Amino acid sequence: WLIDTQNFSGYWSNGKNQTRNTLAAIETLDWVDYSATNAKTLAIDWMVLNDPNNSDSLARAITALSISNNSFKDELSADLILEVNTSTGGFGYSKYYQQDNLTTALALKALTQSEYFGEDGTDLTVYETLYELLVAQNEDGGYGYTPNGDSALTPTELALDALLPYDGFTFEAEGSS
């Protein structure tokens, strides 16, 4: 069914959910290791050619490119880092939008999977984003759509997915050993 419902251009769905649904299909095809078709390659090509124009789409495109180990992910990762909300360290839908947990989680996942730490390897955006997502967690353990918002399923799932690679990670104070 998944292969049969792919658009001839490479994406799934129509309208505003194309990027979200296409990434979900790419991740599913990768998870089941379905390599007998060019569906995943076609979808990844669509993600690149679609010219992501906001932080959400950019993060999803980087994640898709990271799955295929496409070197274009570094260029998109550099673009994503420029989208960070410098007043908070998190991400909003676009650079000057209010920080939200969905986009911050997507950005953290994308930057983590791409293993991009800036051209000189010292960019702290990943750690700043990790910190912002950690402190946005509600007392009940969930995440709201915005920091301090009521916990909901989608932002909690995305945050946990983004945080999984950091299980056991701790921040050390400067000068401590």
Side-chain angles (χ1 to χ4, degrees), residues 1-85 90-116 126 129 132-133 136 142-147 149-165:
W1 179 87
L2 189 59
I3 301 301
D4 290 341
T5 57
Q6 184 179 27
N7 179 287
F8 70 92
S9 295
Y11 62 85
W12 277 266
S13 175
N14 287 316
K16 67 179 184 175
N17 294 325
Q18 286 176 334
T19 304
R20 181 193 72 197
N21 292 347
T22 301
L23 176 59
I26 291 168
E27 289 179 317
T28 301
L29 292 171
D30 189 60
W31 180 68
V32 298
D33 197 24
Y34 193 82
S35 56
T37 179
N38 69 347
K40 189 168 69 171
T41 302
L42 186 62
I44 290 168
D45 289 347
W46 178 83
M47 294 285 275
V48 172
L49 297 173
N50 191 37
D51 190 26
N53 59 1
N54 58 60
S55 302
D56 181 289
S57 296
L58 197 53
R60 292 177 196 270
I62 294 165
T63 300
L65 291 169
S66 295
I67 288 170
S68 69
N69 203 24
N70 184 310
S71 62
F72 189 58
K73 70 183 176 358
D74 290 345
E75 185 175 329
L76 290 183
S77 296
D79 291 345
L80 181 61
I81 286 174
L82 296 175
E83 291 290 314
V84 71
N85 183 329
F91 288 80
Y93 183 73
S94 285
K95 183 172 183 141
Y96 300 106
Y97 281 59
Q98 176 183 355
Q99 176 181 332
D100 66 80
N101 292 331
L102 290 173
T103 310
T104 299
L106 288 169
L108 178 61
K109 179 179 179 179
L111 293 171
T112 300
Q113 286 187 336
S114 73
E115 299 176 341
Y116 183 81
V126 171
T129 305
E132 286 302 317
L133 198 55
Y143 285 83
Y145 286 94
T146 58
D150 292 339
S151 294
L153 178 64
T154 300
T156 300
E157 185 276 326
L158 286 173
L160 293 175
D161 188 39
L163 292 169
L164 190 59

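This chain uses plain numbering: 1 for the first residue, then up along the sequence. All of these numbers come straight from a predicted model, not from anything done at the bench.
- Residues satisfying the side chain to side chain contact (heavy atoms under 4.5 Å, CB included) criterion with A24, sequence neighbours excluded, are absent altogether.
- In this structure, P147 and N101 have side chains that are in contact, with non-hydrogen atoms separated by less than 4.5 Å.
- For the atom pair CD1 of I3 and NZ of K40, the computed distance is 10.5 Å after rounding to the nearest 0.5 Å.
- Formation of a donor-acceptor pair under 3.5 Å by the W12 side chain with backbone atoms of L2 is found in this model.
- Between Q98 and Y93, every side-chain heavy-atom pair lies at or beyond the 4.5 Å cut-off.
- A donor-acceptor contact shorter than 3.5 Å links the side chain of Y143 to the backbone of L133.
- Proximity of a side-chain donor or acceptor of S55 to a complementary backbone N or O of F91 within less than 3.5 Å is not detected.
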Verdict with supporting geometry, T154 and Y145, side-chain contact (heavy atoms from CB on, under 4.5 Å): CA-CA 8 Å; T154 300; Y145 286 94; 3.9 Å; yes
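- Two residues are said to be in side-chain contact when any heavy atoms from C-beta on lie closer than 4.5 Å; T104 and Q99 meet this criterion.
- Atom CG of D150 has 12 or fewer heavy atoms from other residues, nucleotides or ligands within 6.0 Å.
- Between T22 and I44, the closest side-chain pair of non-hydrogen atoms is not below 4.5 Å.
- Partners of L42 by side chain to side chain contact (heavy atoms under 4.5 Å, CB included), not counting sequence neighbours, listed by chain and number: Q6.
- Judged purely by distance below 3.5 Å, without hydrogens or angles, the side chains of D100 and T103 pair a donor atom with an acceptor atom.
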